[in-house]
Number of protein chains: 2
Amino acid sequence: MSLSESWLAQLQVEGGRVTAPRRAVVEILAETDRALNPAEVYELARRRHPAIGLVTVYRTIERLEALRLIERIHQHDGCHAFLRAAQGHEHVLLCERCGRALRFVGDDLEDLIRSLQERTGFIIREHWLQLFGLCPACQT
Amino acid sequence: MSLSESWLAQLQVEGGRVTAPRRAVVEILAETDRALNPAEVYELARRRHPAIGLVTVYRTIERLEALRLIERIHQHDGCHAFLRAAQGHEHVLLCERCGRALRFVGDDLEDLIRSLQERTGFIIREHWLQLFGLCPACQT
DNA sequence: ACAACTAAAGAAAACCGTTGTCAATAGCTA
DNA sequence: TAGCTATTGACAACGGTTTTCTTTAGTTGT
Ligand SMILES: [Mn+2]
Ligand SMILES: [Mn+2]
Ligand SMILES: [Zn+2]
Ligand SMILES: [Zn+2]
């Protein structure tokens, strides 16, 4: 079963229905390795289902985010892009030019976090790590 | 010279003028150790200069950000808060409840970044690291 | 101190991404 | 196949931010 099919199935389990506009949005977000904002999703979705409305894009994004199938990505030029969610403890490496995204593991912040907790008295519950750069294709 | 005075001096060097509303915003952002959004800055600034308008808050934030004296902070509940800028290579530890912010150094991502560059072909130019938790006062 | 210049102010309106409303449509289930 | 209702698209509303415009006031040179 493809990723899009699996996402649609998860929507169905929650009482959701599989419709053509929803399928268009799901396929784009499941299959694209770039952070896309709602307007970009809309533009791409219209190629698969021209009658789709922007509002439906927003609503589908909202549902997918609630199911933790996609997540919001924070960038210099705004925080309105979405990307397939991380699986487990992963972070993301983003191309600043084209938005291409790669997940990675292997950051080791345990010692830093432990020592900061001791020094500051904070209880640290979460960390965000994002790397930015240029993907091979954008290095001209 | 206090930090606020230094910021106002930097605005003057750029041809800016020192006014009462601007001074109110500058003092709040220079002296507060919490990430504040424009509405919060406005509310605090009104205590020092009741006639100030929200638009002036936005304009002053814009100027301070351009001078790299403050920077935008990304959080779960939005990305509209501002904080005194990092000095050199620092990251930030934020209290999820009250927004209190602490800068820290000592993250060591060199090896990870080098190995990711080799494995992925990306050129990595920047990294964002933020820690979230509860400050001592908010641990109830 | 004064005048001249112009940056900055506040008020109001515009802007625009996002969210809410609503009647019509179309998945799903029995 | 019929009935129920989730979802749709059109449209309006919303709210944070930006723009416009006129007035105020900080700065500079005399
Ligand atoms: Mn990690
Ligand atoms: Mn670092
Ligand atoms: Zn953000
Ligand atoms: Zn706190």
Side-chain angles (χ1 to χ4, degrees), chain A residues 4-5 7-29 35-67 70 72-82, chain B residues 4-5 7-29 35-67 70 72-82:
Chain A
S4 332
E5 292 305 321
W7 289 14
L8 291 166
Q10 287 187 61
L11 283 167
Q12 263 186 329
V13 168
E14 308 279 313
R17 295 175 181 177
V18 175
T19 66
R22 187 168 279 180
R23 182 180 292 275
V25 171
V26 164
E27 286 176 357
I28 286 158
L29 284 166
L36 300 172
N37 62 39
E40 289 168 332
V41 174
Y42 177 51
E43 193 182 346
L44 293 169
R46 284 216 287 188
R47 296 186 193 162
R48 295 174 187 240
H49 188 80
I52 195 174
L54 178 56
V55 176
T56 297
V57 172
Y58 275 100
R59 289 191 281 229
T60 307
I61 285 174
E62 187 178 28
R63 297 287 292 268
L64 294 175
E65 196 184 12
L67 288 170
I70 60 173
R72 186 179 297 269
I73 293 293
H74 301 256
Q75 293 174 286
H76 282 297
D77 62 345
C79 306
H80 307 277
F82 293 86
Chain B
S4 333
E5 292 305 322
W7 288 15
L8 290 167
Q10 288 187 60
L11 282 166
Q12 263 186 329
V13 168
E14 308 278 314
R17 295 172 181 180
V18 175
T19 65
R22 187 167 278 182
R23 182 180 292 277
V25 172
V26 164
E27 286 177 355
I28 285 157
L29 284 166
L36 299 172
N37 62 38
E40 290 168 332
V41 174
Y42 177 51
E43 193 182 348
L44 293 168
R46 284 216 287 189
R47 297 186 193 162
R48 295 173 188 241
H49 187 81
I52 195 173
L54 178 57
V55 176
T56 297
V57 172
Y58 276 101
R59 288 192 279 230
T60 306
I61 285 174
E62 188 178 27
R63 298 287 292 266
L64 295 175
E65 196 183 12
L67 289 171
I70 60 173
R72 186 180 297 269
I73 294 292
H74 300 256
Q75 293 174 285
H76 281 297
D77 62 345
C79 306
H80 306 277
F82 294 85

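Just so we're on the same page: letters track the sequence lines, and every chain starts at 1.
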What does A39(A) touch in the nucleic acid at a heavy-atom separation under 4.0 angstrom: a base, only the sugar-phosphate, or nothing? nothing
Within the side chain of E14(B), is there an N or O that forms a donor-acceptor pair under 3.5 Å with the backbone of L11(B)? no
N/O donor to acceptor pairs below 3.5 angstrom from side-chain atoms of residues 41-49 of chain B, sequence neighbours left out:
unit_1	atom_1	unit_2	atom_2	d
Y42(B)	OH	R46(B)	NH1	3.4
R48(B)	NH1	E27(B)	OE1	2.4

Can you measure L8(A) atom CG to dC28(C) atom C1' for me and round it to whole angstrom units? 15 Å
R23(A) CZ - dG27(C) P separation (whole Å): 11 Å
Taking 4.0 Å as the cut-off, does a side-chain nitrogen or oxygen of R63(A) come that near to OP1 or OP2 on dT7(D)? yes
Which heavy atom of H80(A) sits nearest to which heavy atom of R72(A), and what is that distance? CA-NH1, 3.8 Å
Are any of the side-chain heavy atoms of W7(B) and L67(B) separated by less than 4.5 Å? no
Under the 3.5 angstrom rule, does the side chain of E40(B) hit a backbone N or O of N37(B) as a donor-acceptor pair? yes
Gap between atoms CG and C1', on L54(B) and dA13(C) respectively (whole Å): 15 Å
In whole angstrom, give the distance that lies between atom CD of E14(B) and atom C1' of dA7(C). 14 Å
Run the ring pair (Phe, Tyr, Trp, His ring centres under 6.0 Å) test against H74(A) and tell me which residues pass, sequence neighbours left out. W128(A), H74(B)
Quick one: side chains of residues 17-25 of chain B, donor-acceptor pairs under 3.5 Å with protein atoms, not counting sequence neighbours, listed by atom name and distance.
unit_1	atom_1	unit_2	atom_2	d
T19(B)	OG1	R22(B)	N	3.3
R22(B)	NH1	R17(B)	O	3.0
R23(B)	NH1	E5(B)	OE2	2.8

For a quick test of reading the model, state the closest non-hydrogen atom pair linking A81(B) to Q75(B) and the distance between them. CB-OE1, 3.8 Å
I'd like a list of close polar pairs between nucleotides 20-25 of chain C and the protein, N/O only, cut-off under 3.5 Å.
none

Taken to the nearest whole Å, NE2/H80(B) to P/dG15(D) is 15 Å
Of G53(B) and G15(B), the one whose closest DNA chain C nucleotide lies more 5': G15(B)
Rounded interatomic separation in angstrom, taking OH from Y42(B) and P from dA11(C): 8 Å
Whole angstrom value for the distance that separates C1' of dT7(D) from CD1 of I61(A): 16 Å
Rounded to whole Å, the CZ-C1' distance (R72(B) to dG16(D)) equals 12 Å
Protein proximity profile, nucleotides 23-30 of chain D - base contact B, sugar-phosphate-only contact S, no contact -, cut-off 4.0 Å on heavy atoms: --BBS---
Once side chain to side chain donor-acceptor pair (under 3.5 Å) is applied, do any residues pair with S4(B), and if so which ones, sequence neighbours excluded? E31(B)
